[in-house]
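Okay, so here's the structure we're looking at.
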Protein chains: 2
Amino acid sequence: MWCDDRMTAKEPAMPSDAPSAIGRPGSYSKGVARRQEILDRAIEVFQERGADGTSLRRIAGAIGVSHAALLHYFDSREQLLVAVYEHAEKRRDETVVDLPEPERGIDIMIEAANANIEVPGLVQLYSTLVAASLEADAGPSREYFTARFERVREDLEQRLRREQAEGRMRADVDVRHVAALIVAASDGLQIQWLLEPSVELQASLETFGKLLAP
Amino acid sequence: MWCDDRMTAKEPAMPSDAPSAIGRPGSYSKGVARRQEILDRAIEVFQERGADGTSLRRIAGAIGVSHAALLHYFDSREQLLVAVYEHAEKRRDETVVDLPEPERGIDIMIEAANANIEVPGLVQLYSTLVAASLEADAGPSREYFTARFERVREDLEQRLRREQAEGRMRADVDVRHVAALIVAASDGLQIQWLLEPSVELQASLETFGKLLAP
DNA sequence: GTCTATACGAAGATAGAC
DNA sequence: GTCTATCTTCGTATAGAC
């Protein structure tokens, strides 16, 4: 397990495993296979511990290498964290079951949120990195999350627009506002749920869906 | 300035300045006056720099004492950060203008959100502390934010219930869900706005208000 | 290319002198 | 009440073994 899509050798890798935007763009010099292996292993650590308390030395220890070795594949701890989150989210997306169409935009987010909170460390890692991206002299997390928010909002916006056109959603509200609201609500509710499980994450998001009904 | 409600001497302090829940409960032994003075000064540093990059040594330097001196008034860096946030939020609440009644719950949050983003460091500090509160072995931030979320949701819930009773809000949705949604949306949108100012924080929250109209 | 060993400076925290 | 000194751990950088 954990190895399904891992490269089997140190070959240049297929296009689907091309270095991510956050990795080392356009460069295979650091060994894609080993990099993936490290991520696969690191993800387990973070799923348990989140982001705090997981130093480079600790992660390295869990993997069985020196902490300096990690910096051979990632420029900094923050870049490693971002790569781990990206990696974990991809895994999650593969796990999420696609509901039969027509599926509302809000339903996509409900499924994703439900999958997220099953791995508390993932939500904590997400929150930590988002906070870091707000820093004045932000590192790689800024670029990543700016792009991620943009992408998720854009995707949601398209779906909502279609729902409006098909009469499945109120037509008297701005879809761009609603898209941003859904993302914000999903993120915020996951946090509130982790701190107080009586918050009813899924039911609250479904209430939002009810507000959007035509 | 910065000193309006500060204690003038090392007297036991009035009830209104009793040590906060996050401070050192029930103990005046550490000098309330000096503590307030430190907070007043520390808040300026955080309003500029947020949370990251602001070490105990840096804050201490800005105040003119050693970092060890700060730990004489606060048990840890995290406790200082929470106290600073609590202090800053109180200041903000005093600044926010109260709209004439009847004011909707969502309007309260819009005003607060607008006041927040004028001090970017405050949003960053908030995000950092919330992320820290999700940690497995969480420090003082866990208790603080659990209570804070509870309090804000509760307050919102009461307002919404009244709005429903007076026919100013849709009656077919659960107010507890909506209260959690508003808090989540406000928190999340502030972050999205900081990363991408085209997000339209206020307009999006007003769109939410539109969804709640009867 | 991959990795270990090691060093450096900064960080949070603690102990004890004044 | 505040300081200096010190401990441990951290991220980062470099040198060099294989």
Side-chain angles (χ1 to χ4, degrees), chain A residues 7 9-13 19 23-24 27-39 41-42 45-46 49-84 128-129 132 135 137-141, chain B residues 7 9-12 23-24 27-39 41-42 45-46 49-84 128-129 132 135 137-141:
Chain A
M7 295 292 89
K10 43 195 58 168
E11 291 302 310
R24 294 170 151 261
S27 164
Y28 292 97
S29 63
K30 288 306 180 76
V32 177
R34 185 73 174 115
R35 196 186 146 105
Q36 286 291 325
E37 202 173 338
I38 290 175
L39 281 180
R41 199 69 189 80
V45 180
F46 279 91
R49 322 179 82 91
D52 297 292
T54 48
S55 64
L56 280 179
R57 283 171 169 85
R58 259 229 250 243
I59 301 167
I63 296 178
V65 295
S66 72
H67 69 280
L70 294 184
L71 294 177
H72 189 72
Y73 297 92
F74 304 91
D75 287 337
S76 66
R77 177 177 181 262
E78 190 183 346
Q79 193 185 77
L80 169 62
L81 261 54
V82 173
V84 165
T128 300
L129 287 174
E135 216 174 337
D137 54 339
S141 58
Chain B
M7 293 292 89
K10 42 194 59 169
E11 291 303 308
R24 295 168 150 263
S27 164
Y28 292 98
S29 62
K30 291 305 180 76
V32 177
R34 186 78 174 109
R35 197 186 145 106
Q36 285 292 325
E37 202 173 338
I38 289 175
L39 280 180
R41 198 70 188 82
V45 181
F46 279 93
R49 320 181 83 92
D52 296 292
T54 48
S55 63
L56 281 178
R57 284 172 167 85
R58 255 228 249 243
I59 301 167
I63 296 177
V65 295
S66 73
H67 73 279
L70 294 185
L71 293 177
H72 189 72
Y73 296 92
F74 304 90
D75 288 337
S76 67
R77 177 176 181 261
E78 190 183 346
Q79 192 185 79
L80 169 63
L81 260 55
V82 173
V84 165
T128 300
L129 288 174
E135 215 175 338
D137 53 340
S141 57

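All figures in this text were calculated on a predicted structure; none of them were measured in a lab. Just so you know, these numbers use all the heavy atoms, side chains as well, and skip hydrogens, waters and symmetry mates. In what follows, chains are A, B, ... by sequence order, proteins preceding strands, each numbered from 1.
Residues that satisfy the salt bridge (charged side-chain N to carboxylate O under 4.0 Å, His left out) test with R57(A), not counting sequence neighbours, are absent from this structure. For A68(A), the side chain to side chain contact (heavy atoms under 4.5 Å, CB included) partners at least two apart in sequence or on another chain are S66(A).
Look at CD on Q79(B): it is 16 Å from C1' on dT14(C), rounded to the nearest Å. Separating the CZ atom of R34(B) from the C1' atom of dG1(D) is a distance of 9 Å, rounded to the nearest angstrom. Per the geometry, CD1 belonging to I59(B) stands 12 Å off C1' belonging to dG12(C), to the nearest Å. In this structure, CD of E37(A) is placed 14 Å from C1' of dC3(C), rounded to the nearest angstrom. Here the P atom of nucleotide dG1(D) and the CZ atom of R35(B) are 13 Å apart, to the nearest Å. Summarising the geometry, the separation between CZ on F74(B) and P on dA13(C) is reported as 13 Å, rounded to the nearest angstrom. In this structure, the CD1 atom of I63(B) is 11 Å from the P atom of dC3(D), given to the nearest Å. Look at CD1 on I38(A): it is 10 Å from C1' on dT2(C), rounded to the nearest Å.
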Heavy-atom protein contacts under 4.0 Å, nucleotides 5-18 of chain D, coded B base, S sugar-phosphate only, - none:
-B---BBBB-----
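Listed for the E78(A) side chain is a donor-acceptor partner under 3.5 Å among the backbone atoms of S141(A). A donor-acceptor pair under 3.5 Å is absent between the side-chain atoms of R41(B) and the main chain of I63(B), judged by distance alone.
Nearest approach of F46(A) to A51(A), heavy atoms of both residues: CE2-CA, 3.9 Å. Across R35(A) and Y73(A), no two heavy atoms sit closer than the pair NH1-O, 3.0 Å.
Within 4.0 Å of A69(A), counting heavy atoms only, lies at least one base atom of the nucleic acid.
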